[in-house]
Amino acid sequence: MQLSETLAGASLDDLIALLRGKRFVALTGAGCSTESGIPDYRGPETRRRARNPIQGREFSRSAEIRQRYWARAVIGWERFSRAQPNAAHRALARLEHGGLLEGLITQNVDGLHQAAGSRRVIELHGTLAEVACLECGALEPRAALQARLLAQNPGWLRLAADIAPDGDADLPAEHVAGFRAPPCLRCEGPLKPRVVFFGENVARPIVDAAFALVDAAEALLVVGSSLAVFSGYRFVLRAAQRGIPIAMVNLGAARGEELGVVKVDARAGDVLPRLADALAR
């Protein structure tokens with residue numbers, strides 16, 4: 001399908017006109033990474049199957065929930081970690097390198113913006129590339145933990161599972177009971193991915209840094225987010241309160257659309273390269 005056939009409401013020309021000559025900041029969500037093969041929680045495809053994400057408090061309190069998470073994450077990580085930046089990531093990096101994009105605030109935990117070359121990235125929800133001990137706080141690369149997980153659970157990758165959002169995978173409950181999750185190398189405490197789970201709060205210094213980025217901008221570009229979670233929506237509200245123009249590129253409805261000056265209903269990978277080309281002229 002051609003881009004012109006997918007747009008609803010505002011056009012690409014409207015988006016270009018809004019952002020041309022302005023220093024802008026991008027707020028990105030899972031829809032920016034779906035074209036890299038990483039599912040999202042609320043996109044058109046994943047809405048078709050109900051899924052209850054793990055809550056942070058439950059993860060910290062329950063050894064059983066941690067066992068279930070790591071049993072599934074071993075499979076999910078093998079595919080998640082091989083994901084590559086797509087056209088949307090590369091276009092945002094190009095906009096930053098060209099001095100047009102001041103920085104990125106991302107709700108994603110996949111590191112694909114950095115892999116594409118973006119330099120000023122605020123990760124609201126952390127990164128799956130590291131794990132932290134819940135008792136002593138020691139950090140370990142996720143890739144190193146993956147090797148330990150596979151050593152203690154030989155043959156685990158032969159289990160069939162569908163990749164799910166945030167490096168997780170759907171795995172039948174009967175497979176989980178015998179799974180062994182390695183403890184922290186320093187104190188043998190339980191491990192948690194260095195991400196903000198549902199029900200947890202983003203650290204105040206990170207929120208403040210993101211607010212400062214928005215406050216200094218002349219426009220806000222929201223890419224691939226339904227803004228259903230307040231964690232990201234707060235920055236749209238902040239821009240609206242400050243009178244900063246808001247543009248949205250998202251496939252499907254987004255919370256706060258009425259606050260946006262321009263909303264392009266299309267895939268980020270279709271729109272952003274053309275936006276970068278136009279603004280570079």
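Quantities reported herein were computed from a predicted structural model and do not represent experimental measurements.
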>> Test of understanding: with salt bridge (Lys or Arg N to Asp or Glu O under 4.0 Å), list the residues that count as partners of E102, not counting sequence neighbours.
In response: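 Here no residue qualifies.
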
>> Applying salt bridge (Lys or Arg N to Asp or Glu O under 4.0 Å), can you list everything that pairs with E130, at least two apart in sequence or on another chain?
In response: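 E130 satisfies salt bridge (Lys or Arg N to Asp or Glu O under 4.0 Å) with R194 only.
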
> Can you name the side chain to side chain contact (heavy atoms under 4.5 Å, CB included) partners of A216, sequence neighbours left out?
Replying inline: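 With sequence neighbours excluded, A216 shows a side chain to side chain contact (heavy atoms under 4.5 Å, CB included) to no residue whatsoever.
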
>> Please enumerate all residues that pass side chain to side chain contact (heavy atoms under 4.5 Å, CB included) together with D110, with sequence neighbours excluded.
In response: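 Counting only residues at least two positions away or on another chain, D110 forms a side chain to side chain contact (heavy atoms under 4.5 Å, CB included) with S33, I38, F80, N108, L112.
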
>> For D277, is there an ion pair with R281 - N to carboxylate O distance below 4.0 angstrom?
In response: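 Answer for the salt bridge query: no.
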
>> Between R186 and E135 (salt bridge meaning N to carboxylate O under 4.0 Å), is one present in this structure?
In response: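 Answer for the salt bridge query: no.
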
> Distance only, no hydrogens: is a donor on one side chain within 3.5 Å (strictly under) of an acceptor on the other, for S118 and H89?
Replying inline: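 Note: S118 and H89 side chains miss the donor-acceptor criterion.
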
>> Under 3.5 Å, is there a donor on one side chain and an acceptor on the other for E200 and Q55?
In response: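 Checked: E200/Q55 side chains show no N/O donor-acceptor pair below 3.5 Å.
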
Determine the minimum heavy-atom distance between [X] and [Y], stating which atoms define it.
{"X": "L95", "Y": "A276", "result": "CD2-CA, 3.7 Å"}
{"X": "L220", "Y": "A239", "result": "CD2-CB, 3.9 Å"}
{"X": "S225", "Y": "A254", "result": "O-CB, 3.7 Å"}

> Strictly under 6.0 Å, is that where the ring centroids of F179 and W156 end up?
Replying inline: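 Judged by ring-centre distance (under 6.0 Å), F179 and W156 do meet the cut-off.
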
> Could you give all pairs that pass the ring-ring contact (aromatic ring centres under 6.0 Å, His included) test and reach residues 202-224, with sequence neighbours left out?
Replying inline: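 Qualifying pairs: F211-F235.
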
> Which residue pairs satisfy the salt bridge (charged side-chain N to carboxylate O under 4.0 Å, His left out) criterion with at least one member in residues 226-255, sequence neighbours excluded?
Replying inline: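 Found D215-R238, D215-R242.
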
> Can K192 be said to sit on top of F197's aromatic six-ring, NZ or CZ under 6.0 Å from centre and within 45° of the ring axis?
Replying inline: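 Yes, a cation-pi geometry.
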
